[in-house]
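All ligand and atom numbering here is 1-based and tracks the order in the structure. Hydrogens, waters and symmetry mates are skipped; everything else that's a heavy atom, side chains included, is used.
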Amino acid sequence: MRVVVSGAAGFIGSHLCDRLLADGQEVIGLDNLSTGRAENLRHLQGRPEFRFVRHDIREPFQADGRIDVVYNLACPASPRDYLAAPLETLAACSEGTRNMLELAVHNRARFLQASTSEAYGDALVQPQPETYWGNVNPVGPRSVYDEGKRYAEALTMAYHRERGTDTRIARLFNVYGPRMKRGDGRVLPAFLDQALRAVPLTVFGDGSQTRSFCYVSDIVEGIVRLAASDETTPVNLGGPDEITVLELAKVVQTIAGVDCGITHLELPQDDPSRRQPDIAKARRLLNWEPEVDLRQGVRLMLASYLG
Ligand code: UDP
């Protein structure tokens, strides 16, 4: 197997490259290094089965030789990053996804789109099954990511229906783990960084909003199983357990062994109030469910920041 991973220098992308290489595949990793980091791939330097190409998917890409699977993960994913680069985010989701779909068409390759729980917006259904259409503010600041990814899903399905492209869509819920940038702005890197500096943890709003976290190795396993399956409609991949942001702050402080207090900051606009995946479809079709529980995963992430 010879595959392309876009967003290869990103948090999830770099772990996916590791996994595919471990499975004996040849990997071409693309990244424009706008939010991804070369250091996430440094350990792969010199590996003959891995090639890094600094490439922005907003431009077309042609591979030298055949490609079997295209994994499209390239996109700013932290709210801080996509709110700082709205047009780049929309372009990555639109032209970027189209260019990666064209790469798949040209090679008669399978195509997997990394989508997101943000497709459900501020969900009114709890937990969220794939059949829920979502509750997204189409003109709010987060829409560049939410609507961008929804467009990417629509484009993927249109290629599937009109061009017969062999496509997969994974909706990923709050993935965390080593290689998330400490200053990335997302909640677990932020809390762990603050705990390590023994400064108060920044809880946005009253902290009653919920998320369901999934450790990166579990997500990568789900992506690999989805790519190998026949399922062409979207599949949720995420941790089934919901936790409030306030509870999460306490978990981090307990694991880090610090009592540095909490500061409440303003809740960002359109911050979803509850988020929890219904993973019955992934369980049924992929025989997949997460194995790493939150406390174990936070310990591993903390150790990676210390090491
Ligand atoms: N959050 C927080 N403090 C932070 C960063 C995030 O309380 O320093 C909250 C944020 O408001 C949201 C949740 O944590 O309710 C998850 O935020 P994140 O940016 O990690 O991802 P999201 O799920 O919003 O895309």
Student: Does a side chain donor of either Lys181 or Thr35 reach within less than 3.5 Å of an acceptor in the other side chain?
Tutor: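 No, because no side-chain N or O of Lys181 sits under 3.5 Å from a partner of the opposite role on Thr35.
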Student: May I ask you to list the atoms of ligand 1 that are less than 4.0 angstrom from any heavy atom of Asn174?
Tutor: 21 (O), 22 (P), 23 (O)
Student: Enumerate the atoms of ligand 1 whose separation from the nearest heavy atom of Asp271 is less than 4.0 angstrom.
Tutor: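 Those of ligand 1 that fall under 4.0 Å from Asp271 are 10 (C), 11 (O), 12 (C), 15 (O).
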Student: Is there a nitrogen or oxygen of Arg275 sitting under 3.5 Å from a nitrogen or oxygen of ligand 1?
Tutor: yes
Student: Considering only non-hydrogen protein atoms, determine which one is nearest to atom 1 (N) of ligand 1 and report residue, atom name and distance to 0.1 Å.
Tutor: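 The closest heavy atom on the protein side is Phe204 CD1, 3.5 Å.
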Student: Given Leu237, which partner from the list Val175, Leu172, Asp218 fulfils the side-chain contact (heavy atoms from CB on, under 4.5 Å) test?
Tutor: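 With Leu237 as partner, Val175, Leu172, Asp218 yield a single side-chain contact (heavy atoms from CB on, under 4.5 Å), made by Leu172.
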Student: Check Glu118 with Arg150, please: is the shortest side-chain N to carboxylate O separation under 4.0 Å?
Tutor: no
Student: For ligand 1, which atoms have a heavy atom of Gly185 less than 4.0 angstrom away?
Tutor: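 That gives atoms 5 (C) of ligand 1.
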Student: In this structure, are over 12 heavy atoms from other groups packed under 6.0 Å from His106 atom NE2?
Tutor: no
Student: Check each atom of ligand 1 against the heavy atoms of Thr202 and keep those under 4.0 Å away; list them by number with element.
Tutor: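 Listed by number with element, the hits are 2 (C), 3 (N), 4 (C), 7 (O), 8 (O).
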Student: Does ligand 1 come near enough to Val187 that some N or O of the ligand is less than 3.5 Å from an N or O of the residue?
Tutor: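 Yes, since at least one N or O of Val187 sits under 3.5 Å from an N or O of ligand 1.
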Student: Taking Val235 as the fixed residue, which of Ile223, Ile169, Leu286 is the one that meets the side-chain contact (heavy atoms from CB on, under 4.5 Å) rule?
Tutor: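 Result for side-chain contact (heavy atoms from CB on, under 4.5 Å) with Val235: Leu286.
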Student: Considering only non-hydrogen protein atoms, determine which one is nearest to atom 9 (C) of ligand 1 and report residue, atom name and distance to 0.1 Å.
Tutor: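 The protein heavy atom lying closest is Gln209 NE2, 3.9 Å.
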Student: What are the two closest non-hydrogen atoms of Ala190 and Gly185, and how far apart are they?
Tutor: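 Taking Ala190 first and Gly185 second, the nearest heavy atoms are CB-O, 4.5 Å.
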Student: I'd like to know whether ligand 1 has Arg142 as a neighbour, heavy-atom separation below 4.0 Å.
Tutor: yes
Student: Give the numbers and elements of all ligand 1 atoms closer than 4.0 Å to a heavy atom of Val203.
Tutor: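 Contacts of ligand 1 toward Val203, numbered from 1: 7 (O).
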Student: Which residue supplies the protein heavy atom nearest to atom 16 (C) of ligand 1, what is that atom called, and how far is it?
Tutor: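 Checking every protein heavy atom, the shortest distance to atom 16 (C) of ligand 1 gives Arg211 NE, 3.6 Å.
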Student: If the cut-off is 4.0 Å to any non-hydrogen atom of Glu118, which atoms of ligand 1 fall inside it?
Tutor: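 Matching atoms, with element in brackets: 25 (O).
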Student: Centroid-to-centroid, Tyr215 to Tyr176, below 6.0 Å?
Tutor: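 Here the rings of Tyr176 and Tyr215 have centres that are less than 6.0 Å from each other.
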Student: Do Glu289 and Arg283 sit within salt-bridge range, that is, some charged N less than 4.0 Å from a carboxylate O?
Tutor: yes
Student: So that I can tick it off, tell me whether Arg171 and Glu153 are bridged by a salt bridge, with the cut-off set at under 4.0 angstrom between side-chain N and carboxylate O.
Tutor: yes
Student: By number and element, which atoms of ligand 1 are closer than 4.0 Å to a non-hydrogen atom of Ala190?
Tutor: 8 (O)
